[in-house]
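Each chain gets a letter, A, B and so on, in the order the sequences are listed, and its residues count up from 1.
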Amino acid sequence: MLREGSLDYPTLVGKSIASTQVLWERTLAFPGVVEFYARLPGQTITDIGRRGKFLMILLSLDTLLLHLRMSGDVRVEAQEMPIALHDRLLVNFDDGLRLVFNDTRKFGRVWLVGDAREILGNLGPEPFDDELTPLEFYRRLHTTRRQLKPLLLDQSFLAGLGNIYTDESLHLAHLHPLTPANEVSPDQAERLLGAIHQILEDGIRHNGASIDWVDRGGGFQNYFRVYDRAGEPCPECGSSIQRMVVGQRGTHFCPTCQPLT
DNA sequence: CACGAGACCTGTTCGC
DNA sequence: TGCGAACAGGTCTCGT
């Protein structure tokens, strides 16, 4: 994970791009390789940001957007380093360093656009946006009868939650994954928003989760309440955690703490 | 509008 | 031991 300005990485702000190299063409979602190669060199990084699951690298003219999807990762290293297995795209700076986009499963994507809203425009609100009050969250839930699990995964409803964080949040809020959104009470909506906040904070504090060979250094997997714990006791009541498939996604919940009423 | 299936990919794990 | 199937943090497209 990119920790801008931390001890792990030198700050990227101010760096000038000298060249770029696309090693797996489909990683580049927009524009085509020819235009990407022509447009990126000469631009300087002015700021770093995030919106939903997108990393934003703001440049003097354009914005570079990165989405890690399932197995993507970003690192900064000297250009003399050998190309690693599954490196998909390189951005070389004029100071000898480079930013590397590595992605085993090739699901990750990179965009270079003049206006980031072209790509980010359909995203829902940030979970920590001050304007997303419990009441506003309740109102949004009541605009649909979709089940909570797939709804929370829908980035146009709420930006940033993935499969792990959705299961963990629903368990902490004591809400069944199949609950129709428009049947959630104001109290339950407030509890769910609070749970989402707490789970995200926990995940961030532990630098995210490491599963299988996708290890970005995080330890959140040691604190999962229900995710990937089917058959194990619920941390709250001891009931056996259940696994089911909802919208083709593995879904983990406690049948006692999260009853479907 | 809402949902399910299939596609895109590689690597690990599990069952036989 | 070997081999194929199932499965995995995400998202898009298509058909019903």
Side-chain angles (χ1 to χ4, degrees), chain A residues 1-2 22-30 50-55 65-74 83-89 101-111 113 118-124 127 140-171 177-184 196 199-200 202-231 241-253:
Chain A
M1 187 54 201
L2 189 69
V22 177
L23 304 172
W24 178 255
E25 269 204 39
R26 299 197 58 167
T27 294
L28 185 60
F30 186 88
R50 178 197 61 77
R51 176 78 171 92
K53 299 178 186 175
F54 292 82
L55 298 177
L65 298 172
L66 313 177
H67 195 308
L68 305 181
R69 295 276 175 95
M70 304 276 260
S71 58
D73 201 4
V74 170
I83 302 299
L85 188 63
H86 307 315
D87 282 351
R88 307 302 182 194
L89 190 148
F101 187 90
N102 180 283
D103 183 21
T104 301
R105 290 179 68 183
K106 299 177 176 175
F107 286 166
R109 291 291 181 266
V110 174
W111 295 258
V113 291
E118 294 170 24
I119 307 300
L120 309 178
N122 289 329
L123 288 178
R140 289 179 62 82
L141 287 169
H142 276 249
T143 63
T144 179
R145 28 177 273 195
R146 294 172 64 189
Q147 297 166 330
L148 287 178
K149 166 80 187 218
L151 183 64
L152 293 177
L153 285 174
D154 185 341
Q155 302 298 297
S156 68
F157 178 77
L158 186 67
L161 291 192
N163 206 33
I164 293 172
Y165 295 89
T166 300
D167 282 4
E168 296 293 295
S169 296
L170 287 171
H171 180 263
L178 300 182
T179 307
N182 62 349
E183 291 179 15
V184 170
I196 290 168
I199 294 298
L200 285 174
D202 289 349
I204 291 165
R205 181 167 58 251
H206 296 293
N207 291 320
S210 302
I211 296 177
D212 296 334
W213 77 99
V214 183
D215 187 348
R216 306 185 187 111
F220 190 47
Q221 69 279 5
N222 299 318
Y223 301 88
F224 287 165
R225 308 164 63 86
V226 291
Y227 184 83
D228 203 23
R229 297 212 179 289
I241 293 165
Q242 306 292 301
R243 180 187 189 275
M244 62 180 173
V245 175
V246 182
Q248 298 173 285
R249 309 302 302 277
T251 298
H252 314 76
F253 68 104

Between A:H206 and A:Y223, does the ring centre distance come in under 6.0 Å?
-> yes
Spacing of the [atom1] atoms in [M] and [N] (rounded, Å):
N: C:dA5; M: B:dA7; atom1: P; value: 15 Å
N: B:dG6; M: C:dC7; atom1: P; value: 14 Å
N: C:dC12; M: B:dG11; atom1: P; value: 24 Å
N: C:dA6; M: B:dA5; atom1: P; value: 15 Å

Considering non-hydrogen atoms only, spot the tightest contact between A:P177 and A:L170 and give its length.
-> CA-CD1, 3.8 Å
Grab the two heavy atoms, one from A:D73 and one from A:L68, that are nearest each other, plus how far apart they are.
-> N-CD2, 3.8 Å
Short N-O contact, A:K106 and A:D103, less than 4.0 angstrom = no
Could you list where the contact with chain A starts and ends along DNA chain B, reading 5' to 3', using a 4.0 Å heavy-atom cut-off?
-> B:dA2 to B:dT12
Backbone of [Y] reached by a side-chain donor or acceptor of [X] within 3.5 Å:
X: A:R51; Y: A:A159; answer: no
X: A:R109; Y: A:L28; answer: no
X: A:H171; Y: A:V226; answer: no

Could you write nucleotides 5-16 of chain C as a row of B, S and -, 5' to 3', where a protein heavy atom under 4.0 Å of any base atom gives B, of only sugar-phosphate atoms gives S, and otherwise -?
-> --SBBBB-----
So what's the dot-bracket for DNA chain C: Watson-Crick or G-U pairs under 3.5 Å, [ ] if a pair crosses, | if it pairs off-strand?
-> .|||||||.|||||||
Residues forming a ring-ring contact (aromatic ring centres under 6.0 Å, His included) with A:H86, sequence neighbours excluded | none
So which pairs with a foot in residues 241-250 of chain A pass side-chain hydrogen bond (donor to acceptor under 3.5 Å, both in side chains), sequence neighbours left out?
-> none
For A:F224, check side chain to side chain contact (heavy atoms under 4.5 Å, CB included) against everything at least two apart and list the hits.
-> A:I164, A:E168, A:A209, A:I211, A:F220, A:Q221, A:Y227, A:R229
